[in-house]
Amino acid sequence: MSASTPSRPHSGTLSPTRARTPTHSPTTPPNTTAPKPHRALDWRVRFGILSLIWGFSFLLIKVGTEGYAPFQVTLGRLVFGTLVLATAMAWNRERLPRGTRTWAHLAVVAFFLNALPFSLFAYAELTIPSTLAGICNATSPLWGMALSLVALSEDRPTRHRVAGLGIGFLGVLTVLGAWQGFHGLDATGTALALLASLSYPIGWIYLRRTLAGSSYSNLSLTGAQLLLATAQLAVVTPLFTTLPNRFAILPLLAIVALGALGTGVAMLVQYGLVAEVGPTTAQMVTYFIPVIATAAGVAILGESLTWSTPVGAAIVLAGAALTQSRPKSQA
């Protein structure tokens, strides 16, 4: 949820020639002009940090919604994430992109990669545990592959991909306890979390079809994207919420951390990872997020865990990994 974005997202950059799906809170458009500066920390360390940040994002969302309305949580997340990106842009002397068409496309991308999924996850966690939200986020690669087979001509069905989709959605049914008639499950909250996960690949496919060849840097486009998402939530939030009677400190700190770390810093970290080790390796963070989200929810928030949750999550991740596999000739 972060992934984001953070994402999903949401994040770093994806190759415009690959139908890869995003991680939690992904937000950076697929541009291959990213620089490769010297890094003080080994990429494996930064990979672990990114996994932790995005894995804990679902816990932070849960804590945030205990004191503030979901739209307020999302708006705060975007504000602090945008401030981090603005600081990075100023440091690198980057400018916002120009052109009405570019900004129009970015507005759509901002909606599907930031404003919509961030809000849906926040509303979902009013009624479902953060562990379930984190696992629902792991279905994003499955949705992405299913959509890309239809929307992207270069992605053709293969046995591995079809099998991966089937296995992945079998895992979803396992997590939800389908054989028990979804007993004890909040259907609305779960549906919102799954819709949030679906929103990410919709945004990525739109982005690939409209901005993949942009001459602007990833940082510039991402900064503009977060700015637009913040503006969207700034318009919506006052219409559906009122100012809180008191400002709860712990939920407020959770929102600040969610925005500054889970959206802003996480995107910069993945931005550097993609530039150094490539999108294929960087996107593997997707498979660590539900594990960390589940561990955090159980250990810190005391959320309950039945056998079907980790087993179903493992099946989901196996299916997602299979959908991302490619024949050696395409690798």
Side-chain angles (χ1 to χ4, degrees), residues 1-58 81-82 84-85 87-89 91-92 94 109 113-114 134 137-138 140-141 144 200-201 203-204 207-208 211-212 214 216-223 225-226 257-293 317 320-321 324-326 331:
M1 142 60 250
S2 94
S4 155
T5 167
S7 315
R8 168 249 243 172
H10 167 89
S11 77
T13 176
L14 298 186
S15 169
T17 60
R18 296 292 183 100
R20 300 298 186 181
T21 48
T23 58
H24 175 64
S25 188
T27 51
T28 303
N31 189 301
T32 56
T33 60
K36 296 185 178 182
H38 173 73
R39 301 290 179 181
L41 291 177
D42 183 82
W43 73 266
R44 297 170 188 83
V45 176
R46 286 179 280 125
F47 184 96
I49 292 173
L50 183 61
S51 300
L52 286 172
I53 290 175
W54 273 339
F56 271 86
S57 291
F58 296 97
T82 301
V84 172
L85 265 293
T87 302
M89 288 181 64
W91 180 266
N92 290 279
E94 291 273 2
V109 173
L113 290 186
N114 303 114
N137 178 77
S140 207
Y200 287 133
W204 273 102
L207 183 151
R208 285 188 58 193
L211 293 171
S214 175
Y216 295 105
S217 72
N218 291 326
L219 185 57
S220 174
L221 290 171
T222 302
Q225 181 183 317
L226 276 186
L258 180 65
L261 296 177
T263 302
V265 172
M267 287 164 45
L268 294 175
V269 171
Q270 197 191 30
Y271 175 84
L273 282 175
V274 170
E276 184 173 344
V277 300
T280 302
T281 300
Q283 74 165 358
M284 293 300 292
V285 70
T286 305
Y287 306 114
F288 291 87
I289 292 172
V291 177
I292 295 171
L317 294 176
Q324 299 302 293
S325 65
R326 289 176 176 270

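- Of all heavy-atom pairs between G144 and P201, the closest is CA-CB, 3.3 Å.
- Here the closest non-hydrogen pair linking S57 and L258 is O-CD1, 3.7 Å.
- Side-chain atoms of V109 and L221, non-hydrogen and from C-beta on, never get closer than 4.5 Å to each other.
- In terms of heavy atoms, A266 sits closest to I53 at CB-CG2, 3.9 Å.
- A distance of 9.5 Å separates CH2 of W54 from CG of N137, quoted to the nearest 0.5 Å.
- Contact between M89 and S220 at its shortest, heavy atoms only, is CE-CA, 4.1 Å.
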side-chain contact (heavy atoms from CB on, under 4.5 Å) between L85 and L268: does it pass, once the steps are laid out? CA-CA 8 Å; L85 265 293; L268 294 175; 4.1 Å; yes
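- To the nearest 0.5 Å, the span separating CG on L207 from CD on Q225 amounts to 7.0 Å.
- Atom CG of L273 and atom CD of Q270 lie 7.0 Å apart (nearest 0.5 Å).
- Taken to the nearest 0.5 Å, the CE atom of M267 stands 7.0 Å off from the CG atom of N114.
- Between I289 and F58, some side-chain heavy-atom pair lies under the 4.5 Å cut-off.
- Taking every heavy atom of both residues into account, L113 and Y200 meet most closely at CD2-O, 3.1 Å.
- In this structure, the side chain of D42 engages the main chain of R44 through a donor-acceptor pair within 3.5 Å.
- R46 approaches L41 most closely through the heavy-atom pair NE-O, 3.0 Å.
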